[in-house]
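Throughout, protein chains are lettered first and strands after them, A, B, ... in sequence-line order, and every chain is numbered starting at 1.
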Number of protein chains: 2
Amino acid sequence: MAETVSLTARSGLSWQIASAIGTRIVNGEYAPGDVLPTESDLGEAYNVGRSAVREAIKMLASKGLVDARPRRGTIVCERNAWSFLDADLLSWLEGSAPDQEFLLELVDMRMAIETEAAALAAGRSVAQEVKEIRAAYEKMVAAEIGQADPIAADLEFHKAIVSASGNRFMRPLVAIVSTALRFSFRYTNALAGAHVGDLEEHERILLAIEAGDAEGARAAVRSLLQSVRDAVERGGQKNSDGLEQT
Amino acid sequence: MAETVSLTARSGLSWQIASAIGTRIVNGEYAPGDVLPTESDLGEAYNVGRSAVREAIKMLASKGLVDARPRRGTIVCERNAWSFLDADLLSWLEGSAPDQEFLLELVDMRMAIETEAAALAAGRSVAQEVKEIRAAYEKMVAAEIGQADPIAADLEFHKAIVSASGNRFMRPLVAIVSTALRFSFRYTNALAGAHVGDLEEHERILLAIEAGDAEGARAAVRSLLQSVRDAVERGGQKNSDGLEQT
DNA sequence: CAAGTCATATTTGTCTGATAAATAGGATGA
DNA sequence: TCATCCTATTTATCAGACAAATATGACTTG
């Protein structure tokens, strides 16, 4: 269930440069409209050749972050051109401190993605991928008594649902669901104690999917995520999925 | 309402190479696991320098399509690593002939995206973007009597809904919604005649959003898309949104 | 003075060639 | 049989050169 991204791609010099510049862009250090330093200057700044910089900029351009033109230079694109669902972009985003609006938008995306994915998964409840949802759930149960990593288990559960949709266009959305969950983990007291209600909600989702009950699965996911959304709106203490602790 | 992509990026040599190779990959001409020709060979084949080929491959790698390593060469990644929501990738995909399963997955994605986007749009019905939904609807009405392009109007309507969600993560999904609609247009007799029921469904969506009725908007979109899905499943004649002609 | 035209300098675009680094696959040897 | 080493192949990176595009300001002209 590890990230499928090949590590070779991540180790290249040009990818590191893209990562460095990309991070500065999504964190606002370079604002939309700003002109980046010239390729030569960037190469000098990072101590790499111009070709490495150019390859990095091409990667950023392919994610809608920058646009290069002779003489004018390379400018940062408007935010509405950014590929916000790109896995790299999301990982660069995870380095920044989110505001409430940002967290709400993430939850709203989970709402769109996971409700429908769960419904689709229910429609193919015999699939191998559905068994992985149960496996993740068992892991969450084990985590309750300290026999597994609760964060990893929770992540796996939700990623498994998206994958179990069997829809090729859903798969890339595993990245944003993971990012959303990691933000939740970071800004909540996920590890503070037992969260029984949370587990029950997850069980309801699992059983609906296994039973092939698409509408039930949709409703169960919506219920869970609505709790998360409410918690984010209150800005209060919440567990890993955003539910309040008692 | 034109595509926001800067045309400069599209005209570069390395982008053309990426486009050529990317198209061959998503159409299966190069299968996952296949090793691409060497950078030198590709350069010779396309009559460009090695640097242009390398920049192209870096772009493809940043979309999860290929993975390059010394000695082994550049291989095509497994489909589950592809960024299927990337605008470029989708445009390359539009050149191929879809099977029914593919079309169904597109409709299912529209279901996930547009239902939630419409609900979110209803929550901010005063926003400027909501007015653009109405503008697109008026255009659809005008198209009924031949005073506007019905395809463009329909596209604008659905794109406007996604944009009106006000969610930064929704915006990139305009690409897949557009792609899905274009496939619908292509494989249906969109222009064969009047499709009154279609227009009524759109009006119901618009009114629900303007009224701030999130649940109503969700239901109206779901109803429309369910009709599309049914039509695709039957594989029968349908109009631009997949509804059957009478 | 206004507005269009043109020249120039700057920056990206592209090619070529060279060297380094990684590694798959075969050769070698215990 | 298996581990080790060698070597050829391919990508990775750099450097330098020239081409192409274009923003800017100077210049001209009405």
Taking only residues two or more places apart in sequence or in another chain, which ones pass salt bridge (charged side-chain N to carboxylate O under 4.0 Å, His left out) with B/Arg134? B/Glu138, B/Glu210
Kindly write out the residues that satisfy salt bridge (charged side-chain N to carboxylate O under 4.0 Å, His left out) with A/Lys63, not counting sequence neighbours, or none if the list is empty. A/Asp86, A/Asp88
Which residues pass the side-chain hydrogen bond (donor to acceptor under 3.5 Å, both in side chains) test with A/Glu29, not counting sequence neighbours? A/Arg24
By salt bridge (charged side-chain N to carboxylate O under 4.0 Å, His left out), which residues pair with A/Glu94, not counting sequence neighbours? A/Arg182
Within residues 9-49 of chain A or reaching into it, pairs that qualify as ring-ring contact (aromatic ring centres under 6.0 Å, His included) - sequence neighbours excluded: none
According to salt bridge (charged side-chain N to carboxylate O under 4.0 Å, His left out), who are the partners of A/Arg71, at least two apart in sequence or on a separate chain? none
Protein-to-nucleotide contact annotation, 5' to 3' order, nucleotides 13-23 of chain C [B base; S sugar-phosphate only; - none; under 4.0 Å, heavy atom]: BBB--B---BB
Residues pairing under ring-ring contact (aromatic ring centres under 6.0 Å, His included) where one sits in residues 99-121 of chain A, two or more places apart or in two chains, turn out to be A/Phe102-A/Phe183, A/Phe102-B/Phe169
Reading DNA chain D from 5' to 3', where do the contacts with chain A start and stop? Cut-off is 4.0 Å to heavy atoms. D/dT13 to D/dT24
Atom CG of A/Asp67 and atom P of C/dT12: how far apart are they, to the nearest Å? 12 Å
Global bending angle along the helix from C/dC1-D/dG30 to C/dA30-D/dT1, which compares the axes of five pairs at either end, to 10 degrees: 10°
Set of side-chain contact (heavy atoms from CB on, under 4.5 Å) partners for A/Thr23, sequence neighbours left out: A/Ser19, A/Asn27, A/Trp92
Name all residues meeting the side-chain hydrogen bond (donor to acceptor under 3.5 Å, both in side chains) criterion together with B/Glu114; count only those two or more places apart in sequence or in a different chain, and write none if there are none. B/Arg110, B/His158
Do the side-chain N or O atoms of A/Thr74 get closer than 4.0 angstrom to the phosphate oxygens (OP1, OP2) of C/dT12? yes
A/Ser83 side chain vs A/Leu85 backbone, donor-acceptor pair below 3.5 Å: no
